[in-house]
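Below you'll find the structure, written out as structure tokens, and then a few comments.
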Amino acid sequence: MHPFTYSRATDPAAVPGELAEHAHTKILGGGTNLLDLMKMGVERPQRLVDVTRLPLAKIEEIPAGGVRIGALARNSDVAESPLITKNYPVLSQALLAGASPQLRNAATTAGNLLQRTRCYYFYDPAFPACNKRIPGSGCGALEGQNRIHAILGASEACIATHPSDMCVAMAALDAVVQVRGPKGERSIPFKEFHRLPGEHPEHDTTLATDELIYAVDLPDAAWAKNSYYLKVRDRASYAFALVSVAAALAVDGGKIRTARVALGGVAHKPWRSEAAEEKLVGASADEATFKAAAEAALKHAKGYKYNAFKIELAKRSIVRALTQVSGGLQAA
Ligand code: SF4
């Protein structure tokens with residue numbers, strides 16, 4: 001492993017300054033992804049700042065409405081919190097669909113946001129072509145093993161997918177990421193937090209290198225209570241999504257008043273489908289509407305040699321998730 005220095009942060013306010021002062025510094029939280037990447041030689045930070053003792057693990061109601069999840073709240077604690085299970089079941093379900101109990105006990109909310117892709121070529125430093133690992137080196141997955149790769153929003157530079165389940169639910173929930181940098185705090189709407197690859201797949205997010213995530217806020221939203229997470233994967237547990245869907249609906253007088261649809265396993269970022277939502281709002285909550293929403297969501301999808309099956313899988317998953325959340329799984 002590449003040598004690095006280690007220090008333990010004691011004051012959240014001091015961390016951005018430390019990040020600004022020292023290049024090649026990484027924040028250590030649960031370490032469930034970063035330490036693997038360091039052992040494999042994919043990540044080679046010169047400094048690690050351990051933030052695990054900072055007081056940023058609360059899950060609490062926001063006085064003006066909604067819930068604030070501290071950056072260091074463990075995935076298992078978020079999944080089991082009554083504030084989450086009651087008000088945002090899609091988030092609890094997404095977290096419980098991810099990883100294993102041991103990993104969920106260690107992984108943090110901020111770390112989950114910053115997970116890196118599981119593209120095989122990214123994880124193999126002996127492989128020469130990976131623009132995300134070595135900018136300008138090419139993309140081995142384009143013509144290679146691309147079964148787990150993106151069908152939406154990809155570029156010629158990278159077709160990787162974002163691996164998180166939690167983030168798909170947060171995208172559907174209109175979460176807001178709260179960060180602190182040397183110049184102060186800012187709020188990043190969830191859909192602006194993760195990036196599409198474009199010409200620079202080495203950047204996964206819009207977080208600056210000197211910013212610290214301190215919380216994620218969930219809005220006060222009645223529709224979020226009627227929400228559901230569907231994950232389709234190769235085996236029943238401890239596997240990343242081939243396709244996942246976070247869905248929420250509010251129905252009034254037989255017509256859909258509010259709709260949220262986000263997809264996982266299909267793009268470089270959690271994929272919020274506003275095209276699907278437009279088909280849903282104002283329409284009847286029935287199978288024909290759900291199929292129209294699914295077609296709209298995948299209208300611009302593009303498959304590669306081994307992953308074209310995901311297009312139909314994603315459509316069927318959207319219909320099934322919306323059927324479930326509308327209360328009629330038997331009809332799916
Ligand atoms: Fe690298 Fe992205 Fe291509 Fe995978 S898909 S090899 S992460 S550039």
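What's counted below: heavy atoms across the whole structure, side chains too, no hydrogens, waters or symmetry copies. Atoms within a ligand are numbered from 1 in the order they appear, just like the ligands themselves.
- The distance from atom 2 (Fe) of ligand 1 to the nearest N/O/S atom of His149 is not under 2.8 Å.
- The contact set between ligand 1 and Asn131, taken as ligand atoms under 4.0 Å from a residue heavy atom, comprises 1 (Fe), 8 (S).
- The Ala141 neighbourhood of ligand 1 comprises atoms 5 (S), 6 (S), with distances under 4.0 Å to a heavy atom of that residue.
- For Glu211 and Arg180, the salt-bridge test fails: no basic side-chain N is under 4.0 Å from an acidic carboxylate O.
- Looking at atom 1 (Fe) of ligand 1, its nearest protein heavy atom turns out to be Cys130 SG, 2.3 Å.
- Protein heavy atom nearest atom 3 (Fe) of ligand 1, with residue, atom name and distance: Cys139 SG, 2.3 Å.
- Distances from atom 4 (Fe) of ligand 1 show that Cys119 has an N/O/S atom below 2.8 Å.
- A salt bridge links Arg47 to Glu18: one of the charged nitrogens lies within less than 4.0 Å of a carboxylate oxygen.
- Among protein heavy atoms, the minimum distance from atom 2 (Fe) of ligand 1 is reached at Cys158 SG, 2.4 Å.
- A salt bridge links Arg272 to Glu277: one of the charged nitrogens lies within less than 4.0 Å of a carboxylate oxygen.
- Ligand 1 places these atoms under 4.0 Å from at least one heavy atom of Ile159: 5 (S).
- Taking the six-membered ring where tryptophan is involved, the planes of Tyr121 and Phe127 are tilted, since the angle between them lies from 30° to 60°.
- A salt bridge between Lys279 and Glu295 is absent, with no side-chain N of the basic residue lying under 4.0 Å from a carboxylate O of the acidic one.
- In this structure, Ala157 has a heavy atom closer than 4.0 Å to ligand 1.
- Close approach to Gly140 involves these atoms of ligand 1, each under 4.0 Å from a residue heavy atom: 6 (S).
- Using a 4.0 Å cut-off between a side-chain N of Lys or Arg and a carboxylate O of Asp or Glu, Asp204 and Arg195 do not qualify as a salt bridge.
- The closest approach between a heavy atom of Pro201 and any atom of ligand 1 is not below 4.0 Å.
- Interface atoms of ligand 1 facing Tyr121, defined by a heavy-atom separation under 4.0 Å, are 6 (S).
- For the pair Arg147/Phe309, a side-chain contact is recorded, criterion being any heavy-atom separation below 4.5 Å from C-beta on.
- In summary, Glu274 and Lys191 engage in a salt bridge, as defined by a charged side-chain N under 4.0 Å from a carboxylate O.
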